[in-house]
Amino acid sequence: MKRYLAAAMLLLALSGCGSSGSSTQLYTTTEDFFAMDTYMSVDVSSEKSESAAEDMAVKIEQRVNQLDAALSRTQQAGDLYKLNHANGQPTEVSNDTYTALEKALEYAEMTNGAFDPTMAPLTDLWGIGTDNARVPAQSEIDEALTHVGYQNVKLLGNNQVQLLNGAQVDLGGIGKGYAGDIVHEMAESDTSDQWHVLARLSGNIEMYGGKTADSGTDNWNIGIADPDDNTDSIAVVSLRDGSVVTSGDYERFFEKDGKRYHHIFDPATGYPADSGLRGVTVIDPCSTKADALTTALFVMGLDKGMKFCEENEIAAVFITSDKQVYTTSETGDCTFEFLGEKKGYTYAE
Ligand code: ADP
Ligand code: MG
């Protein structure tokens, strides 16, 4: 493991899959699609044939669309929709929905509720990312908060779930992470080929099998976006396998009276988290965990977030509102290069 890291925001994959520099020929295909309310792109390379790569890419797209239905709050045919509209009755859901809920509750407990999968009433109230975005009245926020609390989600076994206290589940903070782990599993479990996969699920990047077939040239380089201009990177994380997940205040937001209201809510206040951060990136073999934790760390802010990472050995990059970039001492199996100096960022090593 190499030790460095620092910087942080949305991620652009700087380089795709390819055979250059590799002595083993790779056959590469790219599948672009829209799922989970965002644009996704998956590069798949096979060591056997173009058609094998294409088949795998299509399978991945289909599986992610299936997950979208299972984890979406708005797809009426989906399980989460069914659960949220069951008026508090025990409801049977699919394995995907149940497992994602189990994970969401695990990370809610781990983060002491900074990540909370029952933020749906607040997400609806603020409407961020929709045409109805607005600053609600305090009385509305207070009312919505009475239904929030991950303890209201009861997993009863045998895929049965019950929501107490008028709770509504929103898995927006973990769904793409869950999808990332499924993509990884698909590539790992299909031993008919040697796969190399780079999946860009919006701000969640999932990697499997290295960029090339040859060690030494097989790391992917993942850019961490500048929060003020996410077409540019202020750092690059380099690793072979696993996930790099970013949450930031520049993804979905609106501005009113010069103030930015974004889509990551502090469950303690019902307002967009005002923690002095612009973005958090987590690098971890498990992307479900990385996704839940980026959201939670954003809510915690730098000091609490750093402490949490040290205690739990999490590799993370924080970007603050005053353009400081911090990295944890744990870096996972990646190297980090800071590029933000010319854009006014400082790497606080
Ligand atoms: P993105 O969806 O841009 O990748 P996140 O992973 O941080 O960003 O998820 C933000 C989404 O998670 C919000 O749109 C909302 O649906 C939900 N959410 C907001 N605040 C929280 C929170 N404190 N805990 C869990 N989920 C949240
Ligand atoms: Mg998240």
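Whatever order the structure lists ligands and atoms in, that order sets their numbers, starting from 1.
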Between [X] and [Y], do the side chains contain an N or O donor and an N or O acceptor separated by less than 3.5 Å?
X	Y	result
T118	N152	no
D96	S94	no
S49	S46	no

Q.
Is it the case that the side chain of D190 and the backbone of M186 share a donor-acceptor pair, with hydrogens and angles ignored and the cut-off at 3.5 Å?
A. no

Q) Counting only N and O atoms by type, is there a donor-acceptor contact under 3.5 Å from the side chain of W126 to the main-chain atoms of G270? A) yes

Q) Rounded to 10 degrees, what angle sits at the Mg ion (ligand 2) between T295 OG1 and D291 O? A) 90°

Q.
What I want to find out is whether R252 reaches D37 closely enough, with some N-O distance under 4.0 Å, to be called a salt bridge.
A.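 A salt bridge links R252 with D37.
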
Among [options], closest by any non-hydrogen atom to [atom]:
atom	options	answer
atom 9 (O) of ligand 1	G129, G203, G173	G173
atom 15 (C) of ligand 1	D170, D116, V280	D170
atom 8 (O) of ligand 1	M36, R252, E251, H263	H263

Q | Within reach of ligand 1, part of K176 (heavy-atom separation under 4.0 Å) | A | side chain

Q. Side chain or backbone of P267 under 4.0 Å from ligand 1, or both, or neither, by non-hydrogen atoms?
A.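 It is the side chain that touches ligand 1; the backbone stays farther off.
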
Closest protein heavy atom to [atom], given as residue, atom name and distance to 0.1 Å:
atom	result
atom 23 (N) of ligand 1	F265 O, 2.8 Å
atom 6 (O) of ligand 1	D291 OD1, 3.0 Å
atom 7 (O) of ligand 1	S247 OG, 2.6 Å

Q. Where do E310 and S329 come nearest, in terms of heavy atoms and distance?
A. OE1-OG, 2.8 Å

Q: Please find out if the Mg ion (ligand 2) and some N, O or S atom of N204 are separated by less than 2.8 Å.
A: no

Q: Please determine if the Mg ion (ligand 2) has an N/O/S atom from A290 lying under 2.8 Å away.
A: no

Q) Below 4.0 Å from any atom of ligand 1, is there a heavy atom belonging to I264? A)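 For ligand 1, residue contact (heavy atoms, under 4.0 Å) with I264 is present.
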
Q: Can you measure from CG (L145) to CG (L125) and round to the nearest 0.5 angstrom?
A: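 The CG atom of L125 is 9.0 Å from CG of L145, to the nearest 0.5 Å.
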
Q: Look at atom NZ of K82 and say whether more than 12 heavy atoms of other residues, nucleotides or ligands are closer to it than 6.0 Å.
A: yes

Q.
When you compare ligand 1 with A114, is there at least one nitrogen or oxygen pair between them that comes in under 3.5 angstrom?
A.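 Such a contact does occur with ligand 1.
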
